[in-house]
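Inspection log for the structure reproduced underneath, given as structure tokens.
Since this is a predicted model, take the numbers as computed values, not measurements.
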Amino acid sequence: MHVDYKKILIVEDEQKIARFLQMELEHEGFEISIESNGRIALDRIIQESYDLVLLDIMLPEMGGIEICKRVRELSEVRIIMVTAKDDIIDKVTGLDTGADDYITKPFATQELIARIRAALRKNTMVLPSSNDNELRVKNLVLYPERYEVYIDQQAVELTKKEYDLLEYLIRNRNIVLNRERILQEVWGYDFMGNTKVVDVYIRYLRSKLDERCKQKYIYTVRGVGYVVKD
């Protein structure tokens with residue numbers, strides 16, 4: 001099944017790679033533009049209309065991480081980081097800055113296309129809830145419409161991905177979720193690499209919730225995954 005008329009901006013300073021990606025994605029029915037300069041790419045993303053951006057990290061004048069950070073202040077356009085860096089910290093940094101996905105060079109074209117399609121299917125994580133205006137666990141209150149979290153009426157500062165993970169865990173309270181399912185639902189794609197990114201974000205959440213308030217919200221079920229308990 002082809003996804004027609006979706007506009008993608010490839011931000012890549014290696015001309016051969018950019019041209020190859022352009023040909024492959026145009027063959028799949030996408031409308032492709034290319035930009036090699038980071039600063040110009042930022043202006044184009046903000047001023048023009050794209051459905052998705054393939055964003056390299058190492059770029060002239062402005063790097064991909066900074067571009068992603070600035071774009072996220074103004075836009076929810078889908079962003080997939082395309083880079084040679086394979087370190088887990090680089091992946092976490094890219095995702096934490098607001099990227100929807102992260103793929104490492106070299107990669108199979110079909111994997112990239114699958115990730116693009118998954119990113120374009122915006123994952124709303126709509127699950128049953130008795131009151132969609134707020135979600136409560138113990139002394140924690142989460143407001144989905146406002147992206148706000150409070151513990152004992154004190155605001156807790158979370159990144160977008162930390163918030164998404166916490167909301168998903170709370171909406172599935174008392175259900176043990178494995179790492180693969182969490183990645184698929186929270187990140188919006190079938191993750192084809194290291195599941196350690198889930199452990200990293202669970203650790204972030206615990207440092208901001210459990211450790212700060214001396215209250216346990218997120219439990220580890222050894223050999224299975226994680227669960228939020230009432």
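Of the charged side-chain nitrogens involved, at least one lies within less than 4.0 Å of a carboxylate oxygen, so that K160 and D164 count as a salt-bridged pair. Using a 4.0 Å cut-off between charged side-chain N and carboxylate O, R117 and E28 make a salt bridge. Salt-bridge check for E185 with R181: failed, with every basic side-chain N at 4.0 Å or more from each acidic carboxylate O.
For the pair K7 and Y50, the cation sits on the ring face: its NZ or CZ lies under 6.0 Å from the ring centre, inside 45° of the axis.
Within the 4.5 Å cutoff, the side chain of L25 has heavy atoms near those of the I10 side chain. Residues L54 and L112 have side chains in contact (heavy-atom distance under 4.5 Å, counting atoms from C-beta outward). Contact annotation: the side chain of Y168 approaches that of L177 to within less than 4.5 Å [non-hydrogen atoms, C-beta and beyond]. No side-chain heavy atom of L205 sits less than 4.5 Å from a side-chain heavy atom of Y226.
One N or O on the side chain of N178 and one on the backbone of E180 form a donor-acceptor pair closer than 3.5 Å. Side chain of R179 to main chain of V198: no donor-acceptor pair is present (N/O by atom type, distance under 3.5 Å, no hydrogens or angles). D56 contributes no side-chain N or O that, together with a main-chain N or O of V11, makes up a donor-acceptor pair within less than 3.5 Å. With hydrogens and angles disregarded, no donor-acceptor distance shorter than 3.5 Å links the side chain of R78 to the backbone of I116. Although no hydrogens or angles enter the test, the distance criterion places a donor-acceptor pair under 3.5 Å between the side chain of R206 and the main chain of I218. Y204 contributes no side-chain N or O that, together with a main-chain N or O of L158, makes up a donor-acceptor pair within less than 3.5 Å. Formation of a donor-acceptor pair under 3.5 Å by the R72 side chain with backbone atoms of S75 is found in this model. Side-chain atoms of D210 do not come within 3.5 Å of backbone N or O of K216 as any donor-acceptor pair.
Residues R19 and Q22 bring a donor and an acceptor atom of their side chains to less than 3.5 Å of each other.
Interatomic distance, CD of E14 versus NZ of K16, reported as 10.0 Å (0.5 Å rounding). We find the CD-CD distance between E148 and E157 to be 9.0 Å, quoted to the nearest 0.5 Å.
Using a 30° and 60° split on the angle between ring planes, Y147 and Y163 fall in the tilted class, from 30° to 60°.
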Going through the checks in order, is the side chain to side chain contact (heavy atoms under 4.5 Å, CB included) test met by M81 and I57?
CA-CA 7 Å; M81 293 286 192; I57 283 187; 4.0 Å; yes
Check against side chain to side chain contact (heavy atoms under 4.5 Å, CB included), F107 and V82:
CA-CA 9 Å; F107 50 81; V82 183; 3.5 Å; yes
Take E167 and V149 through the test side chain to side chain contact (heavy atoms under 4.5 Å, CB included) and record every step on the way to the result.
CA-CA 10 Å; E167 179 179 350; V149 176; over 6 Å; no
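Taking a 6.0 Å sphere around NZ of K208, one finds it holds more than 12 heavy atoms contributed by other residues, nucleotides or ligands.
Screening residues 57-67 for side chain to side chain donor-acceptor pair (under 3.5 Å) gives N37-E61, E66-R70 as the qualifying pairs, with residues at least two apart or on separate chains.
Cluster membership check: L183 does not share its hydrophobic cluster with V227, using side-chain heavy-atom separations under 4.5 Å among Ile, Leu, Val, Met, Phe, Trp and Tyr.
Contact detail for L95 and D100: the closest heavy-atom pair is CD2-C, 4.2 Å.
Each of I46, I79, T97, L59 was compared with I67 under the side-chain contact (heavy atoms from CB on, under 4.5 Å) criterion, and only L59 meets it.
Take Y217 and apply the side-chain hydrogen bond (donor to acceptor under 3.5 Å, both in side chains) test, not counting sequence neighbours, and it matches N139.
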